[in-house]
Each structure stands twice: as structure tokens, then as C-alpha cells.
Amino acid sequence: QVQLVESGGGLVQPGGSLRLSCAASRSIFSILAMGWYRQAPGKQRELVARIYSSGSTNYADSVKGRFTISRDNAKNTVYLQMNSLKPEDTAVYYCNTDPPIAGYWGQGTQVTVSS
């Protein structure tokens with residue numbers, strides 16, 4: 001059993017920044033790839049960033065150059081640094097393994113980008 005808890009979301013103006021955290025109940029990041037996903041109302045959930053156990057990363061084209069995924073294995077935490085935020089980044093952000101494990105989905109954290 002693994003629990004993933006997302007935090008760090010909030011309301012930010014366009015062009016602003018947020019740093020999201022994903023805390024795991026036990027150490028898994030040295031073994032599994034992790035991803036940040038987001039889902040906006042009426043839209044499908046999409047993978048926006050992933051980090052492999054090796055440390056290699058990938059990003060969706062829509063966020064590349066603006067978002068950075070990282071992890072701290074000692075803290076069992078994955079981060080998503082989001083810069084130059086745009087209104088279209090508004091969504092609930094989730095973390096999970098990549099590919100996702102159904103039982104790992106948490107509550108997510110709301111990110112709202114609005115002026």
C-alpha cells in the first residue's frame with residue numbers, strides 16, 4: 001500500500017509560479033517512474049511531466065520550458081516547479097506512478113491561474 005498526497009496548489013496570477021509537492025507514504029521513487037498529471041473540468045487527465053528512477057525527465061509540449069519535475073528520495077517526495085503560469089494551466093494536479101496505478105490516485109491539488 002502506498003498513499004500519495006499532493007500539496008502546494010493555489011490561486012496565482014498569469015506569469016506567476018507555484019511549487020507542488022507529492023509526498024509518498026513509503027519509499028518508491030528509487031524503483032518506479034513518477035509522473036505529474038492534471039485534469040481540467042471537462043477535459044481528459046493528461047500527463048504533464050515524468051521522472052524516471054534514473055533521474056531522466058520528460059515533459060508535455062504544453063509545459064516544456066516552464067515546468068520542472070524533481071524528486072528527493074530521502075524525503076519520499078516529488079516536486080513540480082511551475083513557472084510562467086498560464087490560465088490554461090488551471091487544473092487539479094495529481095501525482096502517480098508512470099504508468100499510473102489506479103489505487104494510488106489521491107485528492108490532487110487545485111491550481112488556478114487567473115487575473
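Side chains are part of it too, since the values below use all heavy atoms of this structure and drop only hydrogens, waters and symmetry mates.
- A search for salt bridge (charged side-chain N to carboxylate O under 4.0 Å, His left out) contacts involving Asp89 returns Arg38, Arg66, not counting sequence neighbours.
- Arg26 contributes atom CZ, which lies 9.5 Å from atom CG of Asn76 (distance to the nearest 0.5 angstrom).
- Partners of Thr112 under the side chain to side chain donor-acceptor pair (under 3.5 Å) rule, at least two apart in sequence or in another chain, are Gln110.
- Sorted by first and then second residue, the pairs that involve residues 87-115 and meet ring pair (Phe, Tyr, Trp, His ring centres under 6.0 Å), not counting sequence neighbours, are Tyr37-Trp105, Tyr94-Trp105.
- Residues in residues 57-89 take part in no disulfide (SG to SG under 2.5 Å) pair, two or more places apart or across chains.
- Annotation: disulfide (SG to SG under 2.5 Å) contacts involving residues 42-72, sequence neighbours excluded, are absent.
- Among residue pairs with one or both ends in residues 69-78, none qualify as salt bridge (Lys or Arg N to Asp or Glu O under 4.0 Å); sequence neighbours excluded.
- Residues Tyr52 and Leu32 have side chains not in contact (no heavy-atom distance under 4.5 Å, counting atoms from C-beta outward).
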> Can Met34 and Thr97 be said to form a side chain to side chain contact (heavy atoms under 4.5 Å, CB included), step by step?
Replying inline: CA-CA 4 Å; Met34 296 295 299; Thr97 56; 3.9 Å; yes
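- Proximity of a side-chain donor or acceptor of Asn96 to a complementary backbone N or O of Ile101 within less than 3.5 Å is detected.
- Under the 4.5 Å side-chain criterion, counting only non-hydrogen atoms from C-beta, Val48 is not in contact with Tyr59.
- Pairs passing the disulfide (SG to SG under 2.5 Å) check and including a residue from residues 30-80, sequence neighbours excluded, do not occur.
- Residue pairs satisfying the disulfide (SG to SG under 2.5 Å) criterion with at least one member in residues 32-63, sequence neighbours excluded, are absent.
- Partner Trp36 forms a side chain to side chain contact (heavy atoms under 4.5 Å, CB included) with one of Ile51, Val63, Leu47, Val78 and no other, that one being Val78.
- Residues in residues 91-115 take part in these salt bridge (Lys or Arg N to Asp or Glu O under 4.0 Å) pairs, two or more places apart or across chains: Arg50-Asp98.
- The shortest heavy-atom contact between Val111 and Met82 is CG2-CE, 3.8 Å.
- Residues passing the side chain to side chain donor-acceptor pair (under 3.5 Å) test with Ser56, sequence neighbours excluded: Ser54.
- Among residues two or more places apart in sequence or in another chain, the side chain to side chain donor-acceptor pair (under 3.5 Å) test is passed with Gln3 by none.
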>> Run Leu85 and Phe67 through side chain to side chain contact (heavy atoms under 4.5 Å, CB included) and show every step you take.
In response: CA-CA 9 Å; Leu85 283 161; Phe67 290 11; 3.9 Å; yes
Sequence neighbours excluded and cut-off under 3.5 Å, please list the side-chain donor-acceptor pairs for residues 4-24, or say none.
| residue | atom | partner | partner atom | Å |
| --- | --- | --- | --- | --- |
| Glu6 | OE1 | Gly108 | N | 3.0 |
| Glu6 | OE2 | Cys95 | N | 2.9 |
| Ser17 | OG | Asn83 | OD1 | 2.9 |

